[in-house]
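Whatever order the structure lists ligands and atoms in, that order sets their numbers, starting from 1. Being a predicted model, the structure only gives us computed values, none of them experimental. Position 1 is the first residue of the sequence, and the numbers go up from there.
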Amino acid sequence: MKRVFSGIQPSGELHLGNYLGAIRNWVEMQHSADAFFCVVDLHALTIPKESGEVGAASLRLSQLLMACGLDPHVCTMFVQSHVREHTELAWLMECHVSFGELSRMTQFKDKSAQQKDFISAGLFTYPALQAADILLYDTDEVPVGADQRQHIEITRDIAERFNGRYGETFVLPEAVIPQAGARVMDLQEPTNKMSKSLESPRGTVDLLDPPEVVVKKIKSAETDSDTEVRFDFETKPGVSNLLSILAAATQRDPNEIAGDYEMYGPLKADAADAVVEMLTPIQARFTELEADPAETARLLEFGADKAQEIAAATVKRAKANLGLLAN
Ligand code: TYM
């Protein structure tokens, strides 16, 4: 059975991009693969946080992932800091990736530009920790949105370099990026990806937004001045974003859907309805799960124990192949 691993940061609210780009695929893949899904709390520390903020967000995100359909009895779901091997392997990764390679990462360039006062070293070495996350589990496939492609590529480069120097140690992972929903754009600024940052609340649909808020955000999405409905991100980014959201929510092809509409109004109304229909059961389930944090904690502990068994074996193999003095 192939091994699948993916991660998500507990920072900000989960949004439609996270769901359509990644989580929905995770829910499907848990049934056909040996799947590991990780709340990557240590990655969230790369941007300064208040004490307690990341812990609370990790619990909430875990519950929301379960509400989306991840079943901790089917897949392995855990919190990154509960499996100490992530940080241990990250150091070995850091020593096998160059300053030049890390400097070329677009996420670092974007995020460091947004940080005025304090750019942590962790923000720069972030890809080494992500490589450790993936390589620890002998991962074949990494289901992610399109923005993570560069991170999977650098992971492969590090793994190849390590294997080349010290012999076969790591499995080379492949990114799995969905056909529809791989890059959900901001509703107000459709040339930017939808993101968790709080800068554009009207452009981001959160998974827990009440139906009337979802409808309002989608109906007031930025479109262009002519009224032609055509799927073409180059010339019509706003309309194409709505078409791809509707396509992803209804599992159809955006080009085909474009043929059904002659005006923006009905397209927006149908996209809003489809998103509300998709989110309603998730929100109901979240309310139930939220009521029992002790049960969530128990499930996460069970997941971390399962993950650690595999992670420990990988770290041991990496150290042995490196030839560190055995203890
Ligand atoms: P994060 O937490 O930013 O996002 C989680 C997942 O959601 C996808 N995504 C999107 N997909 C489509 N449209 C969007 N607008 C959109 N925004 C986010 C992301 O592609 C991602 O799949 N570095 C990772 C976390 C990570 C990780 C890993 C992922 C850490 N270790 C190991 C995979 C494997 C991140 O910041 O994702």
Side-chain angles (χ1 to χ4, degrees), residues 3-27 29 35-47 54 57-58 61-62 64-65 68 70 78-81 83 86-87 89-90 93 105-108 110-111 122-123 125-137 139-156 158-159 173-197 200 203-207 233 237 241 244-245 247-249 307 311:
R3 176 74 52 73
V4 160
F5 178 95
S6 202
I8 183 160
Q9 293 194 55
S11 51
E13 293 290 340
L14 264 195
H15 57 72
L16 200 56
N18 298 131
Y19 184 69
L20 295 176
I23 298 161
R24 200 170 57 165
N25 284 351
W26 301 0
V27 172
M29 287 173 106
F36 287 67
F37 299 114
C38 186
V39 170
V40 292
D41 56 347
L42 299 172
H43 278 98
L45 300 177
T46 53
I47 306 285
V54 173
S58 299
L61 175 57
S62 304
L64 197 42
L65 291 174
C68 289
L70 286 189
F78 66 103
V79 175
Q80 186 183 31
S81 66
V83 179
H86 286 255
T87 43
L89 189 63
M93 301 289 103
M105 300 303 288
T106 44
Q107 180 172 303
F108 175 70
D110 292 349
K111 292 205 172 169
L123 191 62
T125 60
Y126 182 116
L129 179 59
Q130 181 158 349
D133 299 340
I134 297 169
L135 299 179
L136 273 176
Y137 298 97
T139 303
D140 301 301
E141 293 184 356
V142 190
V144 281
D147 63 335
Q148 293 298 312
R149 195 185 288 280
Q150 199 186 20
H151 281 145
I152 314 305
E153 270 161 23
I154 201 172
T155 300
R156 287 176 63 93
I158 299 173
E174 306 265 356
V176 177
I177 295 172
Q179 293 269 329
R183 203 166 156 76
V184 177
M185 309 308 279
D186 188 284
L187 295 173
Q188 290 300 320
E189 290 168 54
T191 49
N192 294 341
K193 71 170 179 179
M194 189 177 280
S195 78
K196 287 171 195 158
S197 75
S200 182
T204 304
V205 174
D206 290 335
L207 292 197
F233 264 106
N241 191 33
S244 54
I245 289 172

Give the contacting part of [X] toward ligand 1: side chain, backbone, both or neither, where contact means a heavy-atom distance below 4.0 Å.
X	value
Ser195	neither
Met185	neither
Val142	side chain
Arg183	backbone

Do the non-hydrogen side-chain atoms of Ile177 and Val144 ever get within less than 4.5 Å of each other? yes
Compare all side-chain heavy atoms of Leu207 with those of Cys68 and state whether any distance is below 4.5 angstrom. yes
Which ligand 1 atoms, with their elements, are less than 4.0 angstrom from a heavy-atom of [X]?
X	answer
Asp133	28 (C), 30 (C), 31 (N)
Tyr126	23 (N), 24 (C), 25 (C), 35 (C), 36 (O)
Met194	14 (C), 15 (N), 17 (N)

Would you say ligand 1 has an N or O under 3.5 Å from any N or O of [X]?
X	answer
Ser6	no
Trp26	no
Pro143	no
Val144	no
Gln148	yes
Gln107	no

Distance from [atom] to nearest protein heavy atom, with residue and atom:
atom	result
atom 17 (N) of ligand 1	His15 CE1, 3.5 Å
atom 11 (N) of ligand 1	Gly17 O, 3.1 Å
atom 27 (C) of ligand 1	Gln130 NE2, 3.4 Å
atom 7 (O) of ligand 1	Asn18 ND2, 3.1 Å

Among Ala248, Gly7, Ser11, which one has a heavy atom closest to atom 29 (C) of ligand 1? Gly7
CD/Glu174 to CD/Glu153 distance, rounded to the nearest 0.5 angstrom? 10.5 Å
Contacts of Asp41 that satisfy salt bridge (Lys or Arg N to Asp or Glu O under 4.0 Å) - sequence neighbours left out: none
Enumerate the salt bridge (Lys or Arg N to Asp or Glu O under 4.0 Å) contacts for residues 11-25, please, sequence neighbours excluded, ordered by first and then second residue. Glu13-Arg60
